[in-house]
*Asks:* 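Mind having a look at this structure? Questions to follow.
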2 protein chains.
Amino acid sequence: MPRSPDTASSKAGPVTLAMVARRAGVSPQTVSNALNSPGLLRPETLERVRRTIDEMGYRPHRAAQTLRTRSSKLIGYGIRPTPPGTLAPVMDRFLHALSQTADEAGYRILLFASPPGTTGLEGYEELIDLHSVDGFVLSGTDRGDQRQAWLAKRGVPFVGFGRMWSSRQIGDWADVDGASGTDAAVEHLVGLGHRKIAFLGWPRGSGVGDDRAEGWQRAMRRHGLPVRGRHARSVDDIEAARAAVEPLLDAGATAVVAASDTLALGCYRALRERQAVPGRDVAVVGFDDSPTAALLSPGLSTVAQPLEAVGRECVRLLLARMAAPDAPPERVLLEPSLVVRDSTPALAG
Amino acid sequence: MPRSPDTASSKAGPVTLAMVARRAGVSPQTVSNALNSPGLLRPETLERVRRTIDEMGYRPHRAAQTLRTRSSKLIGYGIRPTPPGTLAPVMDRFLHALSQTADEAGYRILLFASPPGTTGLEGYEELIDLHSVDGFVLSGTDRGDQRQAWLAKRGVPFVGFGRMWSSRQIGDWADVDGASGTDAAVEHLVGLGHRKIAFLGWPRGSGVGDDRAEGWQRAMRRHGLPVRGRHARSVDDIEAARAAVEPLLDAGATAVVAASDTLALGCYRALRERQAVPGRDVAVVGFDDSPTAALLSPGLSTVAQPLEAVGRECVRLLLARMAAPDAPPERVLLEPSLVVRDSTPALAG
DNA sequence: TAGGGTTCTTGGAACGCTCCAATGCCTGAG
DNA sequence: CTCAGGCATTGGAGCGTTCCAAGAACCCTA
C-alpha cells in the first residue's frame, strides 16, 4: 500500500489533526474525540482513526491545546537559592518525585527562580499573568509566608510542602510530622536504656523547629523523664551548635536528639573536643538524613523525611484542588522514619 | 477620568491584545508591534499604546504566542533520580543558576523525569513531539551517552553540561576543567612542602575520572615527582575508598588528592583507623565541595566546581545555538577553584 | 411508513497572537 | 502639481486545537 504524501515519514512539517482527519476520512472533530472522548466513537471508527494516528505518528500540539482549553498542564515551582552553609536541603529528591508524579498525570513542572532582591511574589504573578501554569507547588513555607494568602485571593490553585504555622490555615498542604520523628528518636533511645536524653533545637519561633522540639518533649513526658535543663537552642550552624550543646553534656546527658543533621554534627564536634566519642560515649540522633549522615564516622542515626511521598502527595492534592476549586481543604501529615546507624548503639552496662 | 468597562480591574476575564488595541484606537497589529518591534512605531503612538497596556494590565498569552511563533520559550531538563549513596550531586545549585539565567532571557526550565525502566530518550522524544520545548540542557553526560547524537539527528538544539568523552564530538557543551582542579591541588600541596602526593581516583574508563587523574599526573611530572605506586582506584564508595587508599598510605604518601569528596572521606576513615589524624598526619584534598566538606573535622580542602557559571554558560550556548543552528559548535571549559580548609595545613618541619 | 429518540459525526467558530502583504500618509524631487 | 519612495499603520489570514450546536444515520416503536 503506497503511503500518501502526508505520512509521518514525509518531510513536510509536523502532522496535524486535520491531516489525520483527511487521511482517515473523518472530520477533524472526530479525530479529536478519538483522543479525548473515545467513548463517543463507534468502535470501528475509533479503531480506524487510532490506526491512522499511529501510522502518521500524530501528536497534538500542546500550545494549541493550551490556547483552546485554557489549561497549560504545567505546574509552577519556584526554586530558591540554596542558602550556603545549610546542609543540602535534599530538595532534588523532592523535585524528582514531584516531576515524576506530575508526568504520570500528564503534567510537567515549570521551574522559575525569584530574581534576587524581590519579595518573591513577582515570579508567581508573572506566570499567572502569562497563563503559563495551572497551579503551584510551594516549598520552604514558613511563618509569615505571604504566598498562600496571595494565591488564594487570586483563586490560583496551589499546594504547600509544609503546613502553615500561623493559626489561619489557607489551602492544602502536605507535610512531615516532625514531632513524630523526634518522638520516635526518644523511643529508640529509651529502648536502648537512655534516660538523660537532651534536645538541641533551633531558636524558638520557627514552626518546623518548635514542632520537632515538641515531639521530644511529649515523649520524655510520656516516659516520666525530666526535660528541664535538657533543652538547648542554636542556629543551624555547626560551630554555634557545638557551643550550645556544651551545657547539655555538662549536665550529664547520655543522648542528644538534634533538630537537624547540622546540629548533630555540632554535637560530634563538641564530643570530640572533650575527647569523647560520639555513639560510644554519648548517643546522637540527627534530623533529615542528609547525604552526609551516612558518611560520617560513626554513621549518624537520623530521622528521614519521606520526600518522595511528599512529592506525590503534593501533586495529588494540587490536581484534586484544580478539579474541585471549592472542595474543603485537605491536609496530609506524613510519618518520617528513623534511620538507625552507629551513633546510637545500646548503652554499655 | 472614568474607566471603561474593559479595564484591568474589571472582572470580565483576561485582557487581550484586541481589547488594548480598541481602547488605544489602533489596530491589534500595532499593539503587537509596540511590544515586539517598538522601533516601528512613531514615538507618540508607542507612548500612547504603552500607557494603555499598563493601564489595562495587559500581558500577552504565552500559549497564543507559542502557537503562532512556534517557539515555546521553554528549555527541557530531564532530572535523573539521585543515585543513593552518592554524595549530593549539588545539582540544585546548578538548576537554580540555570533557571535564573533562563528567566533573564525570557526562557523557563521545564522539568521532566525519565520514567523508570526506560532508556531515557522517551522523555525527550515526547517533549519534542508535543512541541513543548525549544531545546534541552543535558546533564550527567557520560561515555556512550546516546542523547547528543539522537538530538542532533533530529535537529533539536541542546547543550551538555559535561563534554563528550568519545572522540566524536557532537554539539555544544560547557564543562569544568577537572584536570586543572587536581593540578591546582598538587600545586597547593607542593607549595606546602609535600612531595609524596598520591592520587585516589575512580576506575579507569570514566571520562570525568580520567580527566582528574590526568591533572594530578601532569602536575607531578612538572615538578619531577614520581607517580608510580602513588595512584590507586576505587568506586565512589566510602568503604571501598578506605580499603583502596591503604597501599598509598603504606607507601608513605604525605598527601592524597581524591577524585571526589566521597573518596576523600574514605581517606579520613583509613587514617583514623591507623590512629592518624587527617590534615595533621596526612593532607587530603577532595573534589566537588559538597556540603559535607565544610562540615567535617577537619574541614576538607576540596576543588569546587563553578556550578553557577556552568549554568549560565549552558543557557548562553543554548540560546546561541537556537539563534544560529548552523554555527560551528562552541565549547567552554571553566576553571574550578580550590577551597582550602584544615585538611591541608603546612607540613610541620 | 412515519415518527421520535439515540448514537455518531460534522461544520463553523473561536482561543489570542503574529505573519504577510497591502494600504494610507507624508516628504521631497522632478 | 505629480509622482516616486520611505515610513507608519492596518486587514486578513492562519497557527492547531476544542467547543458548540446542528446534522446525519441509526434503531426501535406506533
Side-chain angles (χ1 to χ4, degrees), chain A residues 6 8 12-50 52-53 56-74 106 127-132 134, chain B residues 6 8 12-50 52-53 56-74 106 127-132 134:
Chain A
D6 53 10
V15 185
T16 71
L17 184 143
M19 294 163 70
V20 176
R22 215 173 310 133
R23 194 154 195 271
V26 295
S27 78
Q29 180 59 44
T30 300
V31 180
S32 175
N33 285 339
L35 259 18
N36 303 317
S37 325
L40 289 181
L41 300 208
R42 214 179 341 149
E44 56 223 70
T45 314
L46 179 59
E47 172 55 22
R48 180 163 42 101
V49 173
R50 279 196 169 148
T52 313
I53 288 176
M56 304 181 71
Y58 166 72
R59 304 299 309 270
H61 195 297
R62 275 284 341 139
Q65 292 184 307
T66 299
L67 181 57
R68 186 67 253 218
T69 64
R70 332 225 51 139
S71 158
S72 64
K73 297 276 189 180
L74 254 29
L127 288 180
I128 296 168
D129 288 348
L130 263 31
H131 305 274
S132 285
D134 294 346
Chain B
D6 53 10
V15 184
T16 72
L17 183 142
M19 293 163 71
V20 176
R22 215 173 310 134
R23 195 156 195 270
V26 295
S27 77
Q29 181 59 45
T30 300
V31 179
S32 174
N33 286 337
L35 258 19
N36 303 317
S37 325
L40 289 180
L41 300 207
R42 215 183 336 151
E44 55 224 72
T45 315
L46 180 59
E47 171 55 22
R48 180 161 43 101
V49 173
R50 279 193 169 149
T52 312
I53 288 176
M56 303 180 73
Y58 167 72
R59 304 300 309 268
H61 195 297
R62 274 287 337 142
Q65 292 183 306
T66 299
L67 181 57
R68 185 69 250 218
T69 63
R70 332 226 48 143
S71 158
S72 64
K73 297 277 190 178
L74 253 31
L127 288 180
I128 296 168
D129 288 349
L130 264 30
H131 306 272
S132 284
D134 294 345

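Heavy-atom basis, side chains included; hydrogens, waters and symmetry copies ignored. Not measured: the values here are computed from a predicted model. Chain A is the first sequence line, chain B the second, and so forth, proteins listed ahead of strands; every chain is numbered from 1.
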*Asks:* Return the value, rounded to whole Å, for the distance between atom CD of B/Q65 and atom C1' of C/dC15.
*Replies:* 14 Å
*Asks:* Is there a side-chain contact between B/L35 and B/Y58 (heavy atoms, below 4.5 Å)?
*Replies:*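 When only atoms from C-beta onward are counted, B/Y58 and B/L35 do touch, with a gap below 4.5 Å.
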*Asks:* Tell me what B/T66 touches on the nucleic acid: a base, only sugar-phosphate, or nothing, going by heavy atoms under 4.0 Å.
*Replies:*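 Counting heavy atoms under 4.0 Å across all strands, no contact is made by B/T66.
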*Asks:* Taking only residues two or more places apart in sequence or in another chain, which ones pass salt bridge (charged side-chain N to carboxylate O under 4.0 Å, His left out) with B/R50?
*Replies:*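 Result, salt bridge (charged side-chain N to carboxylate O under 4.0 Å, His left out) vs B/R50: none returned.
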*Asks:* Nearest whole angstrom, please: distance from the P of D/dC26 to the CD of A/E44.
*Replies:* 10 Å
*Asks:* By nearest heavy atom, map B/A64 and B/V26 onto DNA chain D; which one lands nearer the 5' end?
*Replies:*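 Nearer the 5' end of the strand: B/V26.
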*Asks:* Does A/R59 reach a base, just sugar-phosphate, or nothing at all? Heavy atoms under 4.0 Å.
*Replies:* sugar-phosphate
*Asks:* Measure from the side-chain heavy atoms of A/T69 and tell me the nearest of D/dT18, D/dT9, C/dC17.
*Replies:* D/dT18
*Asks:* Name the residue from B/R70, B/R62, B/R68 that meets the side chain to side chain contact (heavy atoms under 4.5 Å, CB included) definition with B/T66.
*Replies:*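 Only one of B/R70, B/R62, B/R68 forms a side chain to side chain contact (heavy atoms under 4.5 Å, CB included) with B/T66, namely B/R62.
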*Asks:* Using a 4.0 Å heavy-atom cut-off across all strands, classify A/T30 as base, sugar-phosphate, or nothing.
*Replies:*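 Counting heavy atoms under 4.0 Å across all strands, the contact made by A/T30 includes a base.
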*Asks:* Does A/R68 contact D/dT17 through a side-chain donor or acceptor facing the base, at a distance under 3.5 Å?
*Replies:*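 For A/R68, whose side chain was compared with the base of D/dT17, there is no donor-acceptor pair (under 3.5 Å).
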*Asks:* Looking at B/R42, does any N or O in its side chain come under 4.0 Å of the phosphate oxygens OP1/OP2 on D/dT9?
*Replies:* yes
*Asks:* Roughly, in whole Å, what's the span from CG in A/L40 to C1' in D/dA21?
*Replies:* 14 Å
*Asks:* Take the protein atom CZ of A/R62 and the nucleotide atom P of D/dC15, then report the distance between them rounded to whole Å.
*Replies:* 19 Å
*Asks:* Does A/T16 have a side-chain nitrogen or oxygen under 4.0 Å from the phosphate oxygens OP1 or OP2 of D/dC15?
*Replies:* no
*Asks:* Nearest-nucleotide wise, let me know which of B/R48 and B/R70 is further upstream toward the 5' end of DNA chain D.
*Replies:* B/R48
